[in-house]
Amino acid sequence: MNPSTLIGILGGLGLFATIFLNAVSDPSLFINLPGLGIVIGGTLAATFISYPIREVLSIFRLIGTVLRNERLYTEDDIEELMRITRLFQTGQMPAVEKELQNVNNPFLRTGIQLAVDLTPEEDVLDLMQWRIARLQAKEHAEAQLFRVMAGFAPAFGMIGTLVGLINMMFQLGSGDMELIGQSLAVALMTTFYGILLANLVLKPIAVKLERRTEQRMIVMHMVMQGVSMMFRKRRPTLMRETLNSFVADHINEIRDGNGSSSRQGLFSKLKDRLRKHDDDGDPDA
């Protein structure tokens, strides 16, 4: 399971357990099945009206994606791209074809295969850019589905509140305090359920999916940049540094908090690596 998701679930359960055990006289008062049915049933009904059934049924798959601890394998992609680039720049096309069979990233495999087939660089990059845009639009729509549901849940909580208040008004004249109390419980608990479902379940899932998409876009742009540099026969050392910059930890590009010494150290380290590469006499450079 994704560690941050697990921490969030345990934290939420722990928070409400603490509240119910220490600040509430009877925790069973917060269990109201009619109110919960109004919120969940109404939210699902409105979602089915708003979206095609295929997209609504994908909710369970997307929840599984959020719970799963996915890896991006960026280091593997960089290594595969560097290895194939050296072969490509030295004209070893049969070896490139053989290496392609071991590439697990389909986006990377497509770009390299088109390059091997002598497709013009502009056409390859256009196709890769289109695939990036298509994936981004698809995953944005998936995250938007949960945001829409997060908007429906509090609204149906308010509808349940109105239903409970209407029932309570009709029962005031009878003087039956038990029925009045039950109606008031439905009125209050549906709002509670709606707000809880929206802000502790649906919106966090949407945010998680959006962050996942951002990370996947970074990797795909990194691959596209690598394929472009392979076409232009860039130096392998420069290519590696460029690709690593896509996934490196954030560095303040405007001002270095430790002064100029660390910035100079970064430049010196890069120069040393380039000089070492030249001294080695790598024919692939």
J.: Does anything in residues 102-126 form a salt bridge (charged side-chain N to carboxylate O under 4.0 Å, His left out)? List the pairs, not counting sequence neighbours.
T.: Glu121-Arg232
J.: What closest approach, in Å, do Met220 and Phe107 show between heavy atoms, and which atom pair accounts for it?
T.: O-CE2, 3.3 Å
J.: Between CD1 of Ile112 and CG of Leu87, what distance do you get to the nearest 0.5 Å?
T.: 10.0 Å
J.: Going hydrophobic residue to hydrophobic residue with side-chain gaps under 4.5 angstrom, can you get from Trp130 over to Phe231?
T.: yes
J.: So, for Phe246 and Ile218, which heavy atoms are closest and what is the spacing to 0.1 Å?
T.: O-CG2, 3.3 Å
J.: Taking only residues two or more places apart in sequence, or in another chain, which ones meet Glu79 in a side-chain hydrogen bond (donor to acceptor under 3.5 Å, both in side chains)?
T.: Arg240
J.: May I ask you to test the Met222-Leu81 pair for a side-chain heavy-atom distance under 4.5 Å?
T.: no
J.: Taking only residues two or more places apart in sequence or in another chain, which ones pass side-chain hydrogen bond (donor to acceptor under 3.5 Å, both in side chains) with Asp77?
T.: Asn105
J.: Check whether any side-chain heavy atom of Gln113 sits under 4.5 Å from a side-chain heavy atom of Leu100, and report yes or no.
T.: yes
J.: Under the 3.5 angstrom rule, does the side chain of Glu80 hit a backbone N or O of Glu99 as a donor-acceptor pair?
T.: no
J.: Which residues pass the side-chain contact (heavy atoms from CB on, under 4.5 Å) test with Thr161, sequence neighbours left out?
T.: Leu165, Ala187, Thr190, Thr191
J.: Using every non-hydrogen atom in the two residues, find where Ala153 and Leu197 come nearest and quote the distance to one decimal.
T.: CB-CD2, 4.0 Å
J.: Test of understanding: with salt bridge (charged side-chain N to carboxylate O under 4.0 Å, His left out), list the residues that count as partners of Arg131, not counting sequence neighbours.
T.: none
J.: For residues Ile31 and Ile40: do they belong to one hydrophobic cluster (side chain heavy atoms under 4.5 Å, members Ile, Leu, Val, Met, Phe, Trp, Tyr)?
T.: no
J.: Could you grab the distance from atom CD of Gln92 to atom CD1 of Ile84, nearest 0.5 Å is fine?
T.: 12.0 Å
J.: Would you confirm whether Thr110, through its side chain, and Pro106, through its main-chain N or O, come within 3.5 Å as a donor-acceptor pair?
T.: yes
J.: What heavy-atom pair brings Ala115 and Phe88 nearest, and what distance separates the two atoms?
T.: O-CE1, 3.9 Å
J.: Under the salt bridge (charged side-chain N to carboxylate O under 4.0 Å, His left out) definition, can you give me all pairs with a residue in residues 214-229, not counting sequence neighbours?
T.: Glu139-Arg216, Arg211-Glu214
J.: Could you tell me the separation between the CE atom of Met224 and the CD atom of Gln129, rounded to the nearest 0.5 Å?
T.: 4.5 Å
J.: Let me confirm one number: the OG1-CG distance from Thr18 to Leu13, rounded to the nearest 0.5 Å.
T.: 10.5 Å
J.: Quick one: list whatever passes side-chain contact (heavy atoms from CB on, under 4.5 Å) with Asn199, sequence neighbours left out.
T.: Ile195, Lys203
J.: So which of Val201, Ile205, Leu209 actually passes side chain to side chain contact (heavy atoms under 4.5 Å, CB included) with Ile63?
T.: Ile205
J.: Might you point out which heavy atoms bring Phe146 and Ala206 nearest each other, and give the distance in Å?
T.: CB-CB, 3.9 Å
J.: For Phe192, what residues pass the ring-ring contact (aromatic ring centres under 6.0 Å, His included) criterion, not counting sequence neighbours?
T.: Phe30
J.: Would a hydrophobic clustering, with Ile, Leu, Val, Met, Phe, Trp and Tyr connected at side-chain separations under 4.5 Å, put Leu108 with Met82?
T.: yes
J.: Of the non-hydrogen atoms in Gln89 and Arg234, which two are nearest, and what is the gap between them?
T.: NE2-O, 3.2 Å
J.: Test of understanding: clusters of I, L, V, M, F, W, Y form through side-chain heavy atoms closer than 4.5 Å, transitively. Do Leu202 and Val207 belong to the same one?
T.: no
J.: Please check if the side chain of Tyr193 supplies one atom and the backbone of Ile38 the other of a donor-acceptor pair under 3.5 Å.
T.: no
J.: Between Thr213 and His140, is a side-chain contact (heavy atoms from CB on, under 4.5 Å) present by the stated rule, with each step listed?
T.: CA-CA 8 Å; Thr213 300; His140 173 75; over 6 Å; no
J.: In terms of hydrophobic clustering (I, L, V, M, F, W, Y; side-chain heavy atoms under 4.5 Å; direct or indirect links), are Met189 and Leu162 co-clustered?
T.: no
J.: Cut-off 3.5 Å, no hydrogens considered: what does the side-chain donor-acceptor table look like for residues 47-55, sequence neighbours left out?
T.:
from: Thr47; atom 1: OG1; to: Thr43; atom 2: O; distance (Å): 2.7
from: Ser50; atom 1: OG; to: Ala46; atom 2: O; distance (Å): 2.8

J.: Which residues pass the salt bridge (charged side-chain N to carboxylate O under 4.0 Å, His left out) test with Glu142, sequence neighbours left out?
T.: Arg61, Lys138
J.: Check side-chain contact (heavy atoms from CB on, under 4.5 Å) between Lys208 and all other residues, then give those that pass, not counting sequence neighbours.
T.: Asn2, Ser4, Thr5, Val66
J.: Within a strict 4.5 Å, meaning less than it, do heavy atoms of the Val227 and Val124 side chains meet?
T.: yes
J.: Applying side-chain hydrogen bond (donor to acceptor under 3.5 Å, both in side chains), can you list everything that pairs with Glu210, at least two apart in sequence or on another chain?
T.: Arg147
J.: Compare all side-chain heavy atoms of Thr85 with those of Met229 and state whether any distance is below 4.5 angstrom.
T.: no
